[in-house]
Amino acid sequence: MPKKTFRILLVDDDPDDRYLLQTAFEESATPCQLDYVEDGDEIFDYLDKHLQPGSNAEQLPDLILLDLNMPKKNGWQVLNELKQSPFFRHIPVVILTTSKSPEHVRKSYHLGASSFISKPSSFSNLVEVTKILGKYWIDVVTFV
Amino acid sequence: MRSSIVYLFVGFFVSILLLIGVGIYWYSTFLNWKKANQVLEHNFEILQQTEDVLSLLKDIEAGERGYIITRDWSFFEPFQLARIELPKQLDHLDALMADTKTQQNRMNKLRLLVQKRIYYARKAVNAALADPQVDPHLKVIYMRKGKETMDSMRLHVHELKHTELAKRPSLSLHKVRFALQSTIALVLSFGLSLALFIGTFYKMVQELFRRIKTERQLERNLTALEQSNQHLDAFNYVTVHHLQEPLRKLNIFCDRLQQKYHDELPADVQFLVQKLNGSAVEMRELIQDLTTYTALGKQSDPQEHVELELESIVDAVVEEYAEEIAEKNAYLDVEHPLPSIIGNPEQLRLLFTHLLANSLKFSKPDVPLQIHITSAVASGRAIPGVIERDHDRSFKQINFSDNGIGIDKKYMHVIFELFQRLNKDKQIPGTGVGLTICKKIILNHDGYIAVRSEPNQGTTFMLFFPL
């Protein structure tokens, strides 16, 4: 059976960050499909659309990269809603944010985040992060 | 505020003095008044007694005449009673006037006259009882003598009475004067006390209102301060999350540009991109230091201070900078053991990090860097810029000395101020916040920081922690 494509959903309101991450994923040649939404409302529209009859659950993302500092709903509110939902709670969520505050890290793990990554300040480090993400979530961890 | 309190004290003191003075004056006036009253009453009693004596004398005369005319014993009865009663009443009158010589003389004469009068009355009665044929004139003779004696007595009693009566107006005047004086004293004291009371009460109320006003102002200020602190927190958050973001992206984009087009970019463009990147890095460091500095203001709760081995903190910082130390070929001499200090571990670590970074930064390029960390005990008086309250306190002194480029005398007073980069040499990185952070940490520990430096010789930072 051919391996299905690994889907990553990026939730970030900042177009620059979205562009950089996309470029970094391309640079690292991570075998995945990267989609993005811009805020906490859009993510649920996106996820609901991929749960429509006719489509199947396999179209749901395999990993969500979530920014904390967003307008409308912040990252923790989104994370909390995801983990409360019986349809989406199984999707691992990696926090990708500028914060390094231990308090923010603790709160994220408490709400059910799978990992917490501080956004690097150089492009090469960002490429490194995407490589590690791909290596871990696609090669090491088994996904369905 | 001080003057109004002085006014209150003086007001109360004066009113108490006034009340005591008026009280003494009023009491002495009252005693005088009482004495005058007694004298007057005594005088009245004498007059009354004189009247009684005169009345008894009249009874004697009436008894004598009544009996001689009617021969009825019942008319003689007043005579008998008066004869028994008179000596007693005379004695009483005598006693009342014991203090006046002239009245005493009059009394002695009156006694003689009374005896005489009784004698004549007896004689007259006896003459009347005897055979009228014996000598019908004898009775009349005695009665006439008796009348003469009586007239003489009346004259005496009148004189006596007159003398006493003469005293009355002056006595009454005396009494009235005392009464008037005490009334005036009472009214005056009441008036003055009332005036003082109202005055001090007014001052007190004024002071109270002033204090209430000040208290309200303080409360308002406190609320404003809390709000301003909240705004500062919000500002910190904004600087951390929003000011740093564009800079981070600037770094990344520069990085990407250099990586992707490395071979295609002309050398001068590469140089410009490098400059852009450097400025962004510098700005980010500055914001980070500022954030650290403002955060220090909030974390200054002495309740969270614990006892710390300074040596382990210094060791950890040295380990962190091992690479730079090796690079500079620096030699570190740390006194063993360093004392323990009660404080915040993160802040003390930050303090030594900045001191060490400072020494590494400002070392002489051609001479191996030497750093000495020593300790001592200092008295408050010896510390430069110490406040008076700390003069008699003892402090643990930690000296952090290096043989670096030193600090020019003219900059000594500004080195702990924010953004004072004395060395404009771009080769030496820095934000100008480091020593300000050190001072803030020392202040959070209720201590002092001082510096001693010779240009081209080295610098010693002296840290003082209260014992």
Side-chain angles (χ1 to χ4, degrees), chain A residues 10-30 36 38-40 65-77 95-108 116-133, chain B residues 233-265 270 273-296 298-299 301 304 344-347 349-350 429 431:
Chain A
L10 171 66
V11 191
D12 199 326
D13 61 304
D14 190 324
D16 291 342
D17 272 330
R18 290 199 302 265
Y19 164 76
L20 284 169
L21 202 74
Q22 210 168 349
T23 320
F25 267 114
E26 282 166 17
E27 192 91 346
S28 64
T30 308
Y36 68 84
E38 294 183 12
D39 60 51
L65 298 178
L66 180 63
D67 186 23
L68 283 183
N69 189 23
M70 290 189 296
K72 298 183 187 171
K73 282 177 194 163
N74 70 30
W76 290 311
Q77 284 169 317
I95 303 293
L96 191 61
T97 181
T98 43
S99 169
K100 281 178 184 166
S101 147
E103 197 189 320
H104 294 175
V105 178
R106 268 195 290 274
K107 188 171 177 183
S108 303
F116 189 103
I117 298 171
S118 281
K119 286 178 182 169
S121 53
S122 78
F123 188 76
S124 41
N125 284 350
L126 191 63
V127 172
E128 198 61 32
V129 166
T130 56
K131 273 185 191 162
I132 293 168
L133 277 173
Chain B
D233 287 351
F235 177 76
N236 277 347
Y237 184 80
V238 167
T239 52
V240 173
H241 291 94
H242 297 275
L243 289 186
Q244 291 205 71
E245 265 303 283
L247 294 167
R248 188 182 62 85
K249 278 186 230 155
L250 190 55
N251 281 150
I252 295 186
F253 285 125
C254 287
D255 199 24
R256 176 75 180 140
L257 190 63
Q258 280 174 316
Q259 263 185 7
K260 197 169 179 184
Y261 301 102
H262 189 263
D263 300 331
E264 297 159 47
L265 284 179
Q270 281 200 29
V273 173
Q274 210 176 333
K275 281 284 166 199
L276 266 176
N277 206 11
S279 296
V281 169
E282 200 180 306
M283 183 73 179
R284 284 186 72 205
E285 280 173 1
L286 193 61
I287 291 171
Q288 265 162 11
D289 276 356
L290 264 182
T291 313
T292 310
Y293 176 70
T294 38
L296 280 174
K298 290 200 307 172
Q299 312 168 350
D301 189 1
E304 288 167 14
N344 177 312
E346 282 160 34
Q347 289 189 15
R349 198 187 152 117
L350 198 60
T431 57

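Side chains are part of it too, since the values below use all heavy atoms of this structure and drop only hydrogens, waters and symmetry mates.
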Task: Heavy atoms from other residues, nucleotides or ligands near OH of Tyr36(A) exceed 12 (cutoff 6.0 Å) - done: no
Open item on the list: Is it the case that over 12 heavy atoms from other parts of the model lie below 6.0 angstrom from the CD atom of Glu264(B)?
Closed with: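 Counting other residues, nucleotides and ligands, CD of Glu264(B) exceeds 12 neighbours.
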- [ ] Go through the atoms of Ser101(A) and report whether side chain, backbone, both or neither lie under 4.5 Å from a heavy atom of chain B.
- [x]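 Neither part; nothing is under 4.5 Å.
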Task: Proximal component of Asn125(A), with respect to chain B [non-hydrogen, under 4.5 Å] - done: neither
Rounded distance (nearest 0.5 Å) linking atom [atom1] of [X] with atom [atom2] of [Y]:
X         : Y         : atom1 : atom2 : result
Arg256(B) : Leu126(A) : CZ    : CG    : 10.0 Å
Gln259(B) : Ser122(A) : CD    : OG    : 7.5 Å
Ser121(A) : Lys249(B) : OG    : NZ    : 13.5 Å

Open item on the list: For a quick test of reading the model, state the closest non-hydrogen atom pair linking Leu20(A) to Phe253(B) and the distance between them.
Closed with: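 The answer is CD2-CE2, 3.5 Å.
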- [ ] Apply salt bridge (charged side-chain N to carboxylate O under 4.0 Å, His left out) to the pair Asp16(A) and Arg248(B), showing each step before the final yes or no.
- [x] CA-CA 11 Å; Asp16(A) 291 342; Arg248(B) 188 182 62 85; over 6 Å; no
Task: For Asp39(A), all residues meeting salt bridge (charged side-chain N to carboxylate O under 4.0 Å, His left out), sequence neighbours excluded - done: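 In terms of salt bridge (charged side-chain N to carboxylate O under 4.0 Å, His left out), with neighbours along the sequence ignored, Asp39(A) is linked to Lys72(A).
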